[in-house]
Amino acid sequence: MFKHYFEQVHNVAIWPIISLSIFFVFFLGLMIYVWKIKKSYVDQMGEMPLKDDSPEIRTHSINLNNH
Amino acid sequence: MELQQFKYDNKITKYFIIATVIFGLVGMLVGLLIATQLVFPEMNMGLQYTSFGRLRPLHTNAIIFAFVGNAMFAGVYYSMQRLLKTRMFSDMLSWIHFWGWQLIILAAAITLPLGLTSSKEYAELEWPIDIAITLIWIVFGINMIGTILKRRERHMYVAIWFYIATFVTVAVLHVVNSFAIPVDFFKSYSWYAGVQDALVQWWYGHNAVAFFLTTPFLGLMYYYLPKAANRPVYSYKLSIIHFWSLIFIYIWAGPHHLLYTSLPDWAQSLGVVFSVMLIAPSWGGMLNGLLTLRGAWDRVREDPVLKFMVVAVTAYGMSTLEGPLLSIKSINAIAHFTDWIIAHVHIGGLGWNGFMIFGMLYWLIPKMWGTKLHSTKLANVHFWLGTLGIIVYALPLYAAGVTQSLMWKDFDAEGFLEYPNFLQTVTQIIPMYMMRAIGGLLYLSGAIIMTYNLIKTASSGYFIANEDAEAPALEKKKIVGGHWHSAWERKPVFFTVLVLVAILIGGIVEMVPTFLIDSNIKTIETVQPYTPLELHGRDLYIKEGCVSCHTQMVRPFRSETERYRGEYSKAGEFVYDHPFLWGSKRTGPDLHRIGGRYNDAWHYSHMYDPQITSKGSIMPPYPWLFTQSIDPEKTAGKIRALRKVGVPYPEGYEDTANEELKAQAQKIVASLKADGIEASEGAEIIALIAYLQRLGTDIKVETAQK
């Protein structure tokens, strides 16, 4: 069976284990970071898409609302 | 702080939007055509340029790269300028990007119906076009990174991260997967062979879905959904987790397209584990999107933009739950190669991408033309037609997939296949194919109504080509400290490199072992390179897109080794297959063990008109193969190219190859003659028959020798 050919490669089983470990460490770091992040920063970032209208468009939509 | 005045470029967005709508309609129309071909083979119109195998890649490429691609660029160019408070880096690059991309689409629209294809799914375009794609993609990247560098906003909003990840990853995927050796200007052979080609292709294919259809659209979701709902995203923290875990995990999941194939077991298992893990970030993202609307659900009822986006995000959630489930081996054993997969991708394509695009367009056009949507009512009609279209499209295909799969696997009491004739399992599901086409028609009608509505909207307003904006300049002063992520995210180039590292880890760990063992794949001694005539035949198989209906991968199930009367497919059998032709869908039976199953005359009649041998078949007829001839001038070039990528043709073989070709053709002509058929030696059909008769037979030689 084809599996057999790959067993000739040294310790192929180590690869998935390495992968999962890398991911685990990465994810742990990510969680710690997100947990420690400042609230003010998060709020400011979340607001970003809402604060980018140019004056022209803003007046325009205000006009529309008044109609 | 002094305010700087500048202008946003809306014109580039406008052009990308126009391209989106046009190519969207075209792509859907081609989809509808090939859907009807599966019910009425006459719809192949007896023309080679419109036959299923050639149009199917046209449909997928048009939808992915022309419809979704242009929409992505429209959305990115609009949102990026505003999130970074600057005009795009260079107008010239923007326009090179726009026109370059449209030329590529044009080139695809011409070459694919001509049968110029690499046959690798979603990467079918031939090498000169591949190079053009690379260059234009780099233009897009420079323009994007340049814009980020000249921004007036210190921090990069999460949408921008998704755009960066898209640029970086697609570049890597495209370049690695497109490696090929040219034969001439219109033809090349994949650099990789067999198992390796399959692994690279599905690492690409899966991540094309991830990084062309998903990450840019998540970026768009994180921008346009808050905009349309007028409230910030539910949890910005969640969006950070969503981003990093998604790009990190996605890249590993490719092998789930190759379960039960000749791919090594450990690589399959890795693909399964990471695919299942993908549920978490995907659902995190979906919930983040939906919860953004908490407290605004009354607006969802009134606002077509929000309606479309809610269904889009829900469809994202559905397909990202379904995807991991399909990666579980026992489910995959049933679903793979069936219409279940087609239903799955269309939940993503029609629901997630399509509806996100529609929502975005209904929002953008009134904005950019300074007016109101022409008709909310028509938009609602579109919404319901679209939603109904998705349901009528997908449900019958789920039913078709399961029905057919169970029929393939059904054994009777004596242990024989209940439906030994593959065609029986096809005719069973034709009514469901019919429903699917109706679903597609509904969806397309909705899109046509949208086009009308958008044109009316635009003509009732005045286009703001250059929109005034102002923002304080970004202080040059160095900010030291701050949290490390916010520090990274102030340094776009460094951030880009991090993304690159994250996606490379997965790709490398997944692929390196398979490449290292290259020399260790136990070559099955009896497996030999294709003869010159068979090579020509194989290239015809590629040209006609037979791979879109036929697999060449007998999986290790009794139901398959019985049906296809031979051993399951072994890795060593594909070592000379540049490219691999395993396929991903069995609309017709597997062909890996077709060699020697029928005589030449059977193939001759069947290819001329499948109805002759297989009444009720939905395979298209191929009459042109009988009038067109192969070009022996090309033989030497093919052999030289293949030798360069490692096929052991002896030195100088190309000089005598055509004699061998002729001898083999004469043999087939003689065998046809014995069955009362007059055929000409040079006809394409002779080469195709030679290839079909060779398929999967080398291993039988070995068995015979034992």
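Note on naming: letters A, B, ... go to the chains in the order of the sequence lines (proteins, then strands), and numbering restarts at 1 for each one.
Only the backbone of B:Tyr222 has a heavy atom closer than 4.5 Å to any heavy atom of chain A. Of the atoms belonging to B:Leu238, not a single heavy atom falls under 4.5 Å from chain A. Neither the backbone nor the side chain of B:Gln81 comes within contact range of chain A; no heavy atom of the residue lies under 4.5 Å from a heavy atom of that chain.
Not a single donor-acceptor pair under 3.5 Å links the side chain of B:Lys237 to the backbone N or O of A:Val42.
Take B:Thr13 and apply the side-chain contact (heavy atoms from CB on, under 4.5 Å) test, not counting sequence neighbours, and it matches B:Ile17, B:Ala74, B:Tyr77, B:Tyr78, B:Leu364, B:Met368. Under the rule for a ring pair (Phe, Tyr, Trp, His ring centres under 6.0 Å), B:Trp203 has no partner lying at least two apart in sequence or in another chain.
Of the inter-residue distances, the one linking A:Gln44 atom CD with B:His155 atom NE2 reads 5.0 Å to the nearest 0.5 angstrom. With values rounded to the nearest 0.5 angstrom, B:Ile241 atom CD1 is found 4.0 Å from A:Met31 atom CE. Separation of atoms CD1 (B:Ile240) and OH (A:Tyr33) is listed at 4.0 Å; rounding is to 0.5 Å. Expressed to the nearest 0.5 Å, how far CD1 of B:Ile249 lies from CZ of A:Phe27 amounts to 7.0 Å. Summarising the geometry, atom CE belonging to B:Met156 is positioned 10.0 Å from atom CE belonging to A:Met48; distances are rounded to the nearest 0.5 Å.
Counting heavy-atom neighbours within 6.0 Å of B:Phe463 CZ, excluding the residue itself, gives a total above 12.
Of all the heavy atoms in A:Gly46 and B:Pro232, the pair that sits closest is O-CB, 3.4 Å.
Between A:Phe23 and B:Phe248, the angle of the ring planes lies from 30° to 60°, which puts this pair in the tilted group.
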